[in-house]
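Take a look at the structure set out below.
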Amino acid sequence: MKSAEHLPNRKRMSDTEKQKRLVLIDGSGYIFRAYHGLPPLTRKSDGLPVGAVAGFCNMLFKLIKEHRGDDAPSHLAVIFDAGSKTFRNEIYDQYKAHRPLAPEDLIPQFPLIREATRAFGLPAIEMENFEADDLICTYTHLAKKDGFKVTIISSDKDLMQLVDDDVSLMDPVKGTLVGREGVIEKFGVPPELVVDAQALIGDSADNVPGAPGIGVKTAAQLLLEYGNLDAVLARAGEIKQEKRRQTLIDFKDQILMSRELVTLRCDSPTPVDIDTFILKEPEQDVLLTFLGLMEFNSLAKRVGGNSLSLLQASSALDKLPTAPILRPLYSATKQGSAEAAIQPIHRETYECVQSMEALEKWIACAYEAQVIAIDTETDDLSASHSGLVGISLAVGVNQACYIPLAHTSNEGFDFGDGGGIEQIDFQTAIAALKPLFEDPTILKVGQNIKYDLSVLHRHGIDVAPYDDTMLISYVLEGGLHGHGMDELSELHLGHTPIPFKQVAGSGKSAKSFKYVALKEATEYAAEDADVTLRLWHILKPRLQREGLVTVYETLERQMPAVLSEMELAGIRIDPAILQSLSHDFGTRMNAIEQEAQALVGRPFNMNSPQQLGQIFYDEMQLTGGKRTASGQWATDVKVLEEIAEGKPGLEAGQPLARMLLDYRQMAKLKGTYTDALTGYADKNTQRIHTSFHLAATPTGRLSSNEPNLQNIPIRTAEGRKIRQAFIAKPGHKLISADYSQIELRILAHIGDIPQLKEAFQRGDDIHAMTASEMFNVPMEEMTSEIRRRAKAINFGIIYGISAFGLSNQLGIERGEAGRYIETYFDRFPGIKGYMDATKAFVSANGFVMTLMGRKIHIPEINGKGALKSFAERAAINAPIQGTAADVIRRAMMRMPQALLDAGFTTKMLLQVHDELIFEAPDSEVEAVIPLIKHIMSDATLPALEMSVPLIVEAHAALNWDEAH
DNA sequence: GCAATCACG
DNA sequence: GACGTACGTGATTGCA
């Protein structure tokens with residue numbers, strides 16, 4: 001064995017200078033082995049997946065224990081892959097392109113595993129754009145120059161190219177050392193020819209093409225015969241076997257590229273010096289704290305201590321270098337963080353940063369703090385267009401600053417010179433902040449951070465990692481109150497931040513933030529960052545205490561980045577179509593208005609419900625009209641339709657009601673859509689950029705505003721014309737993919753209704769099936785009217801049905817509606833059971849939960865009478881609507897990476913509750929649709945297996961109307 | 001700033 | 001027995 005060979009050498013050296021031995025561990029390989037080798041373990045207190053972390057810790061523990069004594073390494077480091085893309089993707093975009101995505105429950109464990117490494121007192125090394133193998137190669141070369149012996153622990157055969165007298169490779173599975181002979185055994189060539197051999201052989205796992213038809217044997221034979229790859233290629237013409245000769249000539253470029261791909265780089269940047277790899281015992285309290293927090297109790301015992309309680313562990317917390325994902329968990333135990341956060345606000349301590357020296361000082365503080373709050377100020381409210389005016393940072397309680405970047409005193413006349421205001425050059429400041437904002441070890445906290453992500457992205461900064469206090473609050477207290485900063489500040493800090501109105505004015509006198517004087521701007525903006533950081537200290541630890549970490553991590557945290565990308569992409573419209581529709585609607589409205597005024601005999605406002613009530617009930621003397629809640633005459637569609645039908649007492653209003661119905665429809669379409677939408681379109685790109693709100697609804701649904709693209713007409717033929725104006729850019733198609741009947745499917749699953757589940761599994765018409773069950777009509781004899789009634793009942797159930805509501809919807813007697821409901825409950829008893837259980841649960845707890853664990857608070861359940869009934873219906877609806885919302889969120893979070901990994905450039909543009917809209921190049925349409933369907937259909941996996949299939953329908957077309 | 005209306009899921 | 005209702009959004013308009 002190798003060690004015997006080197007024994008004399010080492011002994012001799014140990015008299016004077018001990019032989020330095022470096023062990024480099026391929027951490028990424030370890031992760032996957034740990035993950036696949038263990039059952040999917042989760043942390044007991046909050047369900048965070050930690051199986052791979054546990055396996056990894058066990059391996060490190062074993063490794064350290066085994067490497068004590070005589071031939072113990074003097075230096076050791078664990079090397080990781082930094083990301084999925086490296087310089088090799090620039091050489092060959094298909095490199096590793098067929099690799100499957102990391103499993104969902106493994107992703108949050110990557111940062112934890114780096115943390116585990118540090119807790120064991122070992123350096124965790126990675127470098128963006130390079131693979132772990134490149135770093136291993138680089139450090140190996142450096143170490144050899146320094147007189148080290150190197151052992152690489154990895155099962156990756158690529159590393160065999162590094163083996164020589166001073167470098168050996170250890171297979172962690174078999175525990176065997178691979179030396180020169182081992183390499184020859186594997187490749188048939190010595191280590192120095194491994195790269196040439198791999199270039200010929202290729203690698204299907206990494207998608208390295210190599211030379212078609214040439215395998216290990218042939219490669220070795222060729223290389224040994226000609227000496228090396230260059231010689232093989234140069235003398236390819238001499239090869240006798242015709243096919244082999246032709247392959248080597250035809251695929252020369254591909255083989256050379258393959259060699260470039262498999263050659264490890266020994267010149268990658270090195271984040272730290274080898275000296276820092278010097279091996280030392282782990283600090284017991286730090287390691288035990290980590291193991292305690294991970295709740296690895298048996299390993300903690302083996303390491304030596306009794307397992308520590310979180311509180312006892314807190315003294316060790318500050319010694320632990322913390323990765324962002326773990327930091328918040330530690331903070332849960334930090335007495336004082338949350339307490340410090342409620343100290344009084346001192347705005348006078350905020351600093352206005354006007355020089356690079358000052359900015360560099362703040363950036364240094366930010367690195368020290370590791371968790372900082374950021375906030376951007378802009379010249380208007382639209383994240384996709386507004387200009388960046390300044391940035392504020394908070395690094396601690398009352399430690400906040402504002403960095404003005406584009407302020408000016410030339411109000412109304414922006415000469416771009418700042419009007420003599422002293423501020424750092426815009427690009428210089430951006431360049432200085434970019435590394436901080438993108439540093440993977442610094443957690444950036446924002447309040448509604450989607451806005452800041454969008455603004456900063458347009459200046460070349462991709463903020464990561466981040467937390468969002470608005471979303472943390474939403475997870476903790478959704479349904480109890482709003483989640484805007486001012487409201488949260490009042491609630492948790494008892495502090496009223498300076499209202500925006502106070503600094504920028506409101507209404508007509510409102511001015512852009514760039515004209516706000518620096519003193520006021522600093523107080524306002526720095527306070528926002530200060531408050532945000534304080535809120536984070538108070539709210540984030542509660543996620544863990546209340547068992548909501550997984551909900552936050554899997555349903556919220558990625559959404560700001562996903563939505564920011566969608567909003568910035570926007571969707572293209574054809575203004576000519578909208579203008580032509582506007583003109584058409586306008587002409588017809590005018591004609592109707594003339595007619596109606598002639599009929600009434602005087603001018604009146606067609607848009608005034610009040611005047612209409614007067615005309616119908618005072619002047620025309622109609623009887624039997626309804627009134628609204630506030631006592632006005634009701635003139636909504638329902639009432640107008642009754643009048644238009646000419647019911648007794650209402651005949652006189654018939655012609656006018658018809659006119660109004662037509663007028664109203666067109667006024668709505670023109671005013672809300674055809675006129676307004678063109679105004680939202682970007683002049684250059686003709687694209688509309690909506691804003692999605694993540695914390696607007698109690699159920700987890702998104703909302704869309706400015707403009708609302710979730711209520712574009714579809715139900716009438718006239719309305720659908722508006723959808724035709726939403727188009728794909730040239731060479732592209734829009735793809736609309738929507739979940740079919742998702743809420744009813746979720747109801748079938750939650751209520752465990754056998755007939756519904758079976759019908760969905762068979763793919764039956766669900767409303768017809770319901771009708772058949774309820775009304776004892778065989779499917780073959782189903783009429784559209786009976787089916788319509790059943791459909792209304794199905795929807796009614798989702799809304800927390802009442803006889804009144806159903807009778808209203810179907811236009812039938814209340815008693816009859818009541819009998820329908822009884823029949824329904826009789827046929828589907830599971831639904832009654834779900835409704836009763838939900839009512840009991842919400843009464844006892846004040847909230848209900850979705851299948852994915854999102855809490856929806858319904859405080860009104862403690863009210864009386866109508867308020868309580870209202871709350872009960874909301875409680876019945878919330879888990880259904882909320883689970884559907886969770887499902888599409890999961891799909892959305894996975895979609896961008898899935899598209900990217902599969903090599904598509906298709907972009908996700910819009911979400912409309914159960915539908916996603918994409919823009920795809922024509923060449924991708926056919927292949928991308930199955931991927932989209934797959935991501936959406938399987939969105940609940942692996943966390944939740946539905947007993948009903950989630951079916952997704954998708955179509956592509958040039959416009960939204962035809963795609964749907 | 002609220003009420004009424006109506007567009008969507 | 002009265003209450004007053006279908007669940008969840010956002011935009012526009014009129015009117016105080």
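We name chains A, B, ... by the order of the sequence lines, and we start the count at 1 in each one.
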Give a yes/no on whether any side-chain N or O of A:S704 is located under 4.0 angstrom from OP1 or OP2 of C:dT9.
no

Among the nucleotides B:dC6, B:dA4, B:dG9, which one has an atom lying closest to any side-chain atom of A:Q632?
B:dA4

What's the CD-C1' distance between A:E743 and B:dC8, to the nearest Å?
13 Å

For A:H913 and C:dT9, what is the distance between atoms NE2 and P respectively, to the nearest whole Å?
10 Å

N/O donor-acceptor pair, side chain A:S703 with base C:dT9, under 3.5 angstrom:
no

Does anything in residues 661-679 of chain A reach DNA chain B, meaning a heavy atom under 4.0 Å, and if so which residues?
A:R664, A:K668, A:Y673

Is there side-chain contact between A:I917 and A:L709, with at least one heavy-atom pair below 4.5 Å?
no

How close or far is atom C1' of C:dT5 from atom NZ of A:K839, stated in whole angstroms?
13 Å

Residue pair A:Y834 / A:D752, side-chain donor-acceptor N/O under 3.5 Å
no

Can you find a side chain N or O atom of A:S869 that sits less than 4.0 Å from OP1 or OP2 on C:dT5?
no

A:K670 charged N/C atom sitting above A:F585 aromatic ring, 6.0 Å / 45°:
no

Would you kindly give the CH2-to-P distance between A:W633 and B:dT5, to the nearest whole Å?
13 Å

Rounded distance (Å) that lies between atom C1' of C:dC7 and atom CD1 of A:I746
14 Å

Separation of A:Q881 atom CD from B:dG9 atom C1', in whole Å?
8 Å

Which nucleotide, C:dG10, B:dA3, B:dT5, lies nearest any side-chain atom of A:S630?
B:dA3

Remember a base hit wins even if backbone is also touched, and classify A:N605 as base, sugar-phosphate or nothing at under 4.0 Å, heavy atoms.
sugar-phosphate

Salt-bridged, A:R687 to A:D682, with N to O below 4.0 Å?
no

Nearest to the side chain of A:T697 - C:dC15, C:dC7, C:dT9?
C:dT9

Identify which nucleotide among C:dA6, B:dG9, C:dG4 has an atom closest to any side-chain atom of A:V912, counting heavy atoms from C-beta outward.
B:dG9

Using a 4.0 Å heavy-atom cut-off across all strands, classify A:E915 as base, sugar-phosphate, or nothing.
nothing

Test: A:E556 and A:R854 ion pair at under 4.0 Å:
yes

Taking only N and O in the side chain of A:R873, is any of them less than 4.0 Å away from OP1 or OP2 of C:dC7?
yes

Name all residues meeting the side chain to side chain donor-acceptor pair (under 3.5 Å) criterion together with A:E962; count only those two or more places apart in sequence or in a different chain, and write none if there are none.
A:N959

Sticking with atom P, work out how far C:dG4 lies from B:dC8, rounded to a whole angstrom.
30 Å

Nucleotide of C:dC15, C:dC7, C:dG10 approaching A:N877 most closely (side-chain heavy atoms)
C:dC7

Classify the nucleic acid contact of A:A696 as base, sugar-phosphate or nothing, counting any heavy atom under 4.0 Å across all strands shown.
sugar-phosphate

Determine the contact category for A:E706: base if any of its heavy atoms lies under 4.0 Å from a base atom, sugar-phosphate if only primed atoms, P, OP1 or OP2 are that close, otherwise nothing.
sugar-phosphate

Within the 4.0 Å heavy-atom criterion, would you say A:R814 contacts the bases, only the backbone, or no part of the nucleic acid?
base

Please work out if A:A792 contacts a base, only the sugar-phosphate, or nothing of the nucleic acid, heavy-atom cut-off 4.0 Å.
base

Using atom types as modelled and distance alone, determine if a side-chain donor or acceptor of A:R873 lies under 3.5 Å from a backbone N or O of A:S802.
no

Describe the nucleic acid contact of A:S802 in one word from base, sugar-phosphate, nothing, applying a heavy-atom distance below 4.0 Å.
base

A:H955 and A:A963 have their tightest heavy-atom pair at CB-O, 2.9 Å

Name the pairing partner of C:dC3, where a pair is Watson-Crick or G-U wobble with both distances under 3.5 Å, or state none.
none

Could you pick out which residue, A:I798 or A:H693, lies toward the 5' side of DNA chain C when each is mapped onto its nearest nucleotide?
A:I798

Please report, rounded to the nearest Å, how far the C1' atom of B:dC8 is from the CZ atom of A:R720.
14 Å

Watson-Crick or G-U counterpart of C:dA11, or none if no pair lies under 3.5 Å:
B:dT5

Of the listed nucleotides C:dC15, C:dT9, C:dC7, the one nearest the side chain of A:Q611:
C:dC15

Round to the nearest Å and state the distance from A:L744 atom CG to C:dC7 atom P.
17 Å

Distance, nearest 0.5 Å, that separates CD1 of A:I712 from OG1 of A:T672:
9.5 Å

Quote, to the nearest angstrom, the C1' distance that separates C:dC3 from B:dA7.
30 Å

What I want to check is whether the side chains of A:Q614 and A:D618 have a donor and an acceptor closer together than 3.5 Å.
no

Among the nucleotides C:dG10, C:dG4, B:dT5, whichever has the atom closest to the side chain of A:T635 is B:dT5

I need the residues from residues 709-717 of chain A with at least one non-hydrogen atom less than 4.0 Å from DNA chain B; give them sorted by number, or say none.
A:Q710, A:N711, A:I712, A:P713, A:I714, A:R715

Closer than 4.0 angstrom, basic N to acidic O: yes or no for A:R788 and A:E785?
yes

In terms of heavy-atom contacts, A:G613 and A:W633 come closest through CA-CB, 3.8 Å

Across the strands shown, which category fits A:F804 at heavy-atom distances under 4.0 angstrom: base, sugar-phosphate, nothing?
base

